[in-house]
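Scroll down for the structure; my scribbles are underneath it.
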Amino acid sequence: MSEIGEIDEGFYSRQLYVLGHEAMHRMGAASVLIAGMRGLGVEIAKNVILSGVKSVTVQDAGQAVWTDLSSQFFLKECHIGQNRATCSLQQLSALNPHVQVSAHTGPLNEDLLLKFQVVVLTDSSLDDQKRFGDLCHSHGIKFIVADTKGLCGQLFCDFGEEHEVLDQDGEIPASTMIQSITKENPGVVICADDRSHGFSDGTKVSFSEVQGMTELNSIGPVEIKFIDPYSFNILDTSGFSAYERGGIVTEVKQSCMLNFKPLSEALLDHDLLKMIDFGKMTRHKTLHLAFQALHSFVKKEHRLPHTWSQLDADALIVMVRELNEVAQLEELDEAAVRKLSYTARGDLGPINAFIGGLAAQEVIKASSGKFMPLQQWLNFDALECLPEQEDQLTESSFSAEGTRYDGQIAVFGSAFQQKLANQKYFLVGAGAIGCELLKIFALIGLGAGEEGRITITDMDFIERSNLNRQFLFRSQDIGKPKSEVAAKAAQEINPRMKITAHQNRLDPDSEGVYDYNFFTGLDGVAAALDTVEARVYLDGRCVQHQKPLLEGGTLGSKGHTLVVVPHLTVSYGRDSSSSKHDIPLCTIKNFPHRIEHTLQWARDQFEGLFKQTPENVNLFLREAGFVERTLGLGDAEALEVLGGVWSSLLNVKDGGQRPTSWEDCVTWARCKWETLYNNDIQQLLHCFPPEQVTPSGLPFWSGSKRCPHPLTFDPNNKTHMDYVVAAANLYGQMYGISGTRDSDSIRKTLDKIHVPSFTPKSSVKIHLTDKEMQEDREKESDDSARLEELKAKLASPSLKSSAMRMYPIDFEKDDDSNFHMDYIVAASNLRAENYDIPAADRHQSKRIAGRIIPAIATTTAAVAGLMCLELYKLVQGHQKISSYRTAYIHLGVQHFVLCQPSPAPQLVVSNGTSHSLTDSHCIYIYNLSHRGHWGLVSGVTLSRRTVGLVSALVTGKNAAAA
């Protein structure tokens with residue numbers, strides 16, 4: 001953001017849904033210094049620049065060397081011997097036109113640091129960390145230290161004596177409707193049971209729209225005590241009026257003030273160490289001492305330990321033991337210290353991506369007041385990436401060769417580097433995670449050998465909203481295929497990369513391309529997909545062909561990774577997502593009580609009016625059997641479809657809905673407004689009056705049922721006019737009629753329109769449940785006469801010969817000029833006004849209606865880093881499940897769970913042999929069971945997900961197996 005107060009919503013679209021406008025405004029005032037432009041420093045700088053702070057200065061007084069190229073993706077071989085900061089400046093500046101980026105090639109000093117609000121040190125000595133940490137702490141400058149050595153990383157934060165966190169978790173405040181409130185001490189609030197309230201003990205809430213016990217509407221935030229997912233205690237309500245009906249309870253976010261210790265003090269406070277890997281419960285404490293010892297080693301020897309040197313490792317262990325005389329750790333993991341010494345000269349892209357993502361997220365927290373910061377140390381290792389058999393490793397195997405992979409060879413050796421180069425991998429998806437994976441693939445040399453290759457496929461094209469997190473793309477790439485541009489960018493990082501780019505969707509239709517021969521020629525697959533369905537399909541193909549799968553995903557500051565190893569770990573499995581959170585159709589149609597309901601209704605209106613009807617018309621004009629096929633859908637649906645086709649083909653003057661002028665489009669929009677926001681509501685209230693009671697004597701309009709009221713059209717009401725303008729223009733587009741945004745001219749047309757009067761009908765039935773609606777659909781109807789009439793009309797030869805095709809409209813949320821979001825926002829907010837639901841602004845409406853997945857570059861980088869650590873293990877052929885990690889991370893609150901993946905279920909057959917059994921295998925077995933291809937099973941151990949698929953195998957009887 002070049003100017004405070006201006007946010008480029010097109011560029012920051014997905015990140016805004018993570019941080020919000022207020023946090024982005026605060027970030028827009030922050031100047032950040034990032035010291036050190038090796039791999040970790042450039043990773044942090046990339047993510048911070050993409051996030052949208054005011055300015056970033058990158059500092060480095062050193063020159064590029066070969067080992068830098070192992071992880072510094074903006075350095076090329078021609079930059080060897082030149083200043084790292086200067087060489088990186090152009091590429092960093094191109095990431096975000098709204099951020100001022102500059103380079104400082106001199107040493108760090110106090111005068112330089114005092115110019116910034118946030119300072120990040122990488123590749124720094126412990127003496128500098130202490131000195132500059134004390135300086136920043138005393139001057140209120142947020143101070144972050146990040147460091148990586150081989151397969152280990154460290155992160156430290158000091159945000160000063162008083163750091164205010166305005167939003168601790170970044171979640172949208174929970175809100176729910178009230179069913180009842182008791183009059184007692186303490187009062188009990190029972191919520192409408194469509195979903196749990198989402199509150200926890202100590203949550204502060206506010207009340208609104210409560211009828212009867214109106215005192216709650218005017219008091220400040222109330223602290224609750226959790227009872228169960230649908231009820232909670234509040235304050236003493238015994239003196240309040242009796243509760244009658246209605247009401248909404250909403251979480252009130254609470255800020256908090258944090259106090260941080262300077263690094264020189266925090267170094268000795270082991271209570272500030274964060275544990276993140278549940279497979280190594282205490283190792284982080286040893287690593288904390290090991291990093292201090294490593295600084296002492298460098299200060300004494302003026303070098304890092306030699307790669308895989310036993311002598312240097314012994315010396316480092318002695319130093320750690322001396323530190324532990326003060327720290328008094330009960331358990332010292334000397335094996336981890338030894339491995340840190342062996343690999344400290346390494347510089348790895350995956351580790352830098354993970355630690356760099358975390359560090360950049362802390363910069364965002366420091367400059368925005370959003371999310372809970374790290375308090376205050378994090379030590380991480382992935383030493384399980386090393387070979388499971390270390391006895392054949394010698395110091396000579398890891399000597400530098402003067403290549404771009406020297407930083408990686410220092411950890412894994414030259415033989416492993418060659419193995420990486422000859423890998424054949426399939427990357428599915430070139431979006432945010434796909435770009436980060438390709439970057440790391442290029443850095444580590446995956447598929448860069450004579451026998452290696454990367455195949456990437458993505459059917460999407462680059463949009464402007466992608467540029468904020470898909471960092472391989474630039475503004476000049478907008479409109480180009482993602483896979484092609486990403487492949488070219490990866491080859492810019494490493495010209496030896498061999499990448500084939502496709503634009504195919506991975507689904508059954510592309511199995512002719514990605515067939516048996518394609519999959520059997522692969523060493524593995526990486527998934528960078530954004531839907532569960534696509535992940536499930538790809539997982540099934542990998543199980544079918546017994547190929548390992550790397551899978552990862554993000555949702556704002558949350559992320560997950562999964563590695564699937566054939567016959568060792570459980571597969572991704574079937575789509576186990578439940579439909580319990582789907583909105584019932586009757587709720588959308590007649591009884592909305594959340595803005596999500598009105599937005600879904602608006603989307604349904606858009607699809608039905610502007611896409612489905614014109615598509616049906618075009619199918620009718622193109623296909624001779626359309627009418628007969630439609631009649632097979634059932635009378636109710638056929639009547640709706642064929643009636644829509646007929647009215648769309650018949651001109652307005654003949655009683656149809658086909659416009660011949662712009663005025664006809666405005667007339668249609670005005671009458672549609674009247675139908676939706678007045679007539680339909682009148683009809684609903686005629687069927688269920690406000691005073692209606694249920695058979696049990698309770699008010700019908702209570703709990704989650706909000707009693708609506710009809711609206712009266714007002715041409716001076718902006719929302720009313722927004723609907724008419726958008727609807728008229730979209731209607732015109734379907735018929736090739738040009739419209740206008742000129743509200744004054746539209747008002748003049750509106751003055752001439754006669755809106756028919758409406759009288760509710762007693763014969764209309766409104767369904768209360770989806771089940772009731774479905775039962776009525778399945779009943780015999782008396783629509784046959786109307787259907788025969790429509791069939792006869794549509795059979796007229798002259799109809800098709802004179803009719804013109806229509807232009808269906810595909811919803812596109814990111815084009816602000818196409819009237820799509822104009823229509824959705826107006827249609828939804830008018831519906832919300834009918835039901836007294838708080839309206840949503842355009843930004844919020846776009847997220848919900850557009851089903852936008854919040855995204856930020858920091859999480860994407862961290863997830864890709866973790867995925868590629870698992871890649872190291874796959875390429876080496878690790879056979880111990882304890883070596884692998886499944887990860888769940890939430891950078892917003894520094895919550896990390898790294899744990900061993902679940903083992904593949906085992907199927908024991910009658911001859912005593914054991915076979916791993918994935919969910920996809922179970923589907924195959926289940927299918928075979930119905931074809932008679934069975935033998936005998938003596939026992940079986942299945943995952944919970946698998947039980948439903950092969951329940952016949954666990955009934956206790958002798959079952960059959962393939």
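As the structure is a computational prediction, the values presented were derived from the model and not from experiment. We count residues from 1, following the sequence as given. When reading the values below, keep in mind they use all heavy atoms of this one structure, side chains included, and skip hydrogens, waters and symmetry mates.
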Determine whether Leu151 and Lys339 satisfy the following criterion, side-chain contact (heavy atoms from CB on, under 4.5 Å), listing intermediate values before the conclusion.
CA-CA 9 Å; Leu151 286 163; Lys339 291 176 181 177; over 6 Å; no
Applying side-chain contact (heavy atoms from CB on, under 4.5 Å) to His560 and Val897, what does each step give before you reach the verdict?
CA-CA 9 Å; His560 84 276; Val897 177; over 6 Å; no
Take Val42 and Phe73 through the test side-chain contact (heavy atoms from CB on, under 4.5 Å) and record every step on the way to the result.
CA-CA 8 Å; Val42 78; Phe73 42 86; 3.7 Å; yes
Intermediate values then yes/no, salt bridge (Lys or Arg N to Asp or Glu O under 4.0 Å), Glu492 and Arg474
CA-CA 14 Å; Glu492 287 288 320; Arg474 302 291 181 267; over 6 Å; no
One pair to check against salt bridge (Lys or Arg N to Asp or Glu O under 4.0 Å): Asp277 and Arg885. What are the steps and the verdict?
CA-CA 9 Å; Asp277 192 327; Arg885 291 291 182 272; 3.0 Å; yes
Carefully, step by step, assess Ile493 and Phe74 under the rule side-chain contact (heavy atoms from CB on, under 4.5 Å).
CA-CA 7 Å; Ile493 296 173; Phe74 285 153; over 6 Å; no
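The line from CG of Leu871 to CE of Met867 is 9.0 Å long, rounded to the nearest 0.5 Å. Note that SG of Cys899 and OH of Tyr888 are 6.0 Å apart. Values are rounded to the nearest 0.5 Å. With rounding to the nearest 0.5 Å, the separation of CZ in Arg851 from OG1 in Thr531 is 13.0 Å. For the atom pair CG of Asn47 and CG of Leu95, the computed distance is 9.5 Å after rounding to the nearest 0.5 Å. Going from atom CG of Leu427 over to atom CG of Leu550 covers 10.0 Å, rounded to the nearest 0.5 Å. To the nearest 0.5 Å, atom OG of residue Ser883 and atom CG of residue Leu383 are 11.5 Å apart.
Although no hydrogens or angles enter the test, the distance criterion places a donor-acceptor pair under 3.5 Å between the side chain of Asp458 and the main chain of Asp460. A donor-acceptor pair is defined here as one N or O able to donate and one able to accept, closer than 3.5 Å; no such pair exists between the side chain of Tyr572 and the backbone of Val536. Side-chain atoms of Lys419 come within 3.5 Å of backbone atoms of Val875 as a donor-acceptor pair (strictly under, hydrogens ignored). Proximity of a side-chain donor or acceptor of Thr343 to a complementary backbone N or O of Gly346 within less than 3.5 Å is not detected. In this structure, the side chain of Asp477 does not engage the main chain of Lys480 through any donor-acceptor pair within 3.5 Å. A donor-acceptor contact shorter than 3.5 Å links the side chain of Thr457 to the backbone of Asn504. A donor-acceptor pair is defined here as one N or O able to donate and one able to accept, closer than 3.5 Å; such a pair exists between the side chain of His878 and the backbone of Leu386. Of the possible donor and acceptor atoms, none in the side chain of Asp515 sits under 3.5 Å from a partner among the backbone N and O of Glu511. The backbone N or O of Gly877 sits less than 3.5 Å from a side-chain atom of Gln879, completing a donor-acceptor pair. Between the Glu551 side chain and the Thr561 main chain, no donor and acceptor come within less than 3.5 Å of each other.
Scanning all heavy atoms of the two residues, the minimum distance from Thr403 to Trp66 falls at C-CE3, 3.4 Å. Counting all heavy atoms, side chain and backbone alike, Ile881 lies closest to Pro901 at CD1-O, 3.4 Å. When every heavy atom of Leu348 is checked against every heavy atom of Gly150, the shortest pair comes out as CD1-O, 3.6 Å. Taking every heavy atom of both residues into account, Leu75 and Ala64 meet most closely at CD1-CB, 3.8 Å. When every heavy atom of Gly556 is checked against every heavy atom of Ile856, the shortest pair comes out as O-CG2, 3.6 Å. Among all heavy-atom pairs drawn from Leu549 and Ala527, the shortest one is CD1-CB, 4.1 Å.
Leu340 has its side chain within reach of Lys149: a pair of non-hydrogen atoms, C-beta onward, lies under 4.5 Å apart. A heavy-atom distance below 4.5 Å is not found between the side chains of Gln544 and Tyr516. No side-chain heavy atom of Asn468 sits less than 4.5 Å from a side-chain heavy atom of Ser13. Side chains of Glu484 and Ile456 form no contact here, defined as non-hydrogen atoms less than 4.5 Å apart. In this structure, Leu869 and Phe354 have side chains that are not in contact, with every pair of non-hydrogen atoms separated by 4.5 Å or more. Between Phe896 and Leu358 there is a side-chain heavy-atom pair separated by less than 4.5 Å. For the pair Tyr884 and Leu568, the minimum side-chain heavy-atom distance is below 4.5 Å. Inter-residue side-chain proximity for Tyr537 and Leu506 is flagged as met; some heavy-atom pair is nearer than 4.5 Å.
Counting non-hydrogen atoms of neighbouring residues, nucleotides and ligands closer than 6.0 angstrom, the NZ atom of Lys488 reaches no more than 12 such neighbours. For Glu450, the CD atom sits in a loose shell: 12 or fewer heavy atoms of surrounding residues, nucleotides or ligands are nearer than 6.0 Å. Around the CZ atom of Arg505, the shell of radius 6.0 Å holds no more than 12 heavy atoms that belong to other residues, nucleotides or ligands.
When ring centroids are compared, Phe416 and Tyr405 stay outside the 6.0 Å threshold. Between Tyr514 and Phe426, the ring centre distance stays below 6.0 Å.
Side-chain N/O atoms of Gln408 and Tyr872 include a donor and acceptor closer than 3.5 Å. A donor-acceptor pair shorter than 3.5 Å can be found between the side chains of Thr148 and Asn352. Judged purely by distance below 3.5 Å, without hydrogens or angles, the side chains of Ser88 and Gln72 pair a donor atom with an acceptor atom. Checking Ser70 against Asp347 by side-chain atom types alone, no donor-acceptor pair falls below 3.5 Å. With hydrogens and angles left out, the side-chain atoms of Ser483 and His502 include no donor and acceptor closer than 3.5 Å. A donor atom on one side chain and an acceptor atom on the other are found under 3.5 Å apart for His567 and Gln546.
Note on ring orientation: taking the six-membered ring where Trp is involved, the planes of His545 and Phe519 are parallel (angle under 30°, cut-offs 30° and 60°).
Glu384 has no carboxylate O lying under 4.0 Å from a charged side-chain N of Lys880, or vice versa, which leaves the two without a salt bridge. Residues Lys46 and Glu436 are paired through a salt bridge, judged by an N-O separation under 4.0 Å between the basic side chain and the carboxylate. Using a 4.0 Å cut-off between charged nitrogen and carboxylate oxygen, Lys439 and Glu43 count as a salt-bridge pair. Between Arg469 and Glu463 there is no salt bridge, since no side-chain nitrogen of the basic residue lies less than 4.0 Å from a carboxylate oxygen of the acidic one. We find that Asp68 and Arg38 are joined by a salt bridge, their nearest charged nitrogen and carboxylate oxygen being less than 4.0 Å apart. A salt bridge does not link Lys547 to Asp539: none of the charged nitrogens lies less than 4.0 Å from a carboxylate oxygen. Using a cutoff of 4.0 Å between basic side-chain nitrogens and carboxylate oxygens, Lys873 and Glu388 are not scored as salt-bridged.
Thr554 pairs in a side-chain contact (heavy atoms from CB on, under 4.5 Å) with only one of the listed residues (Thr859, Thr858, Ile889), which is Thr859.
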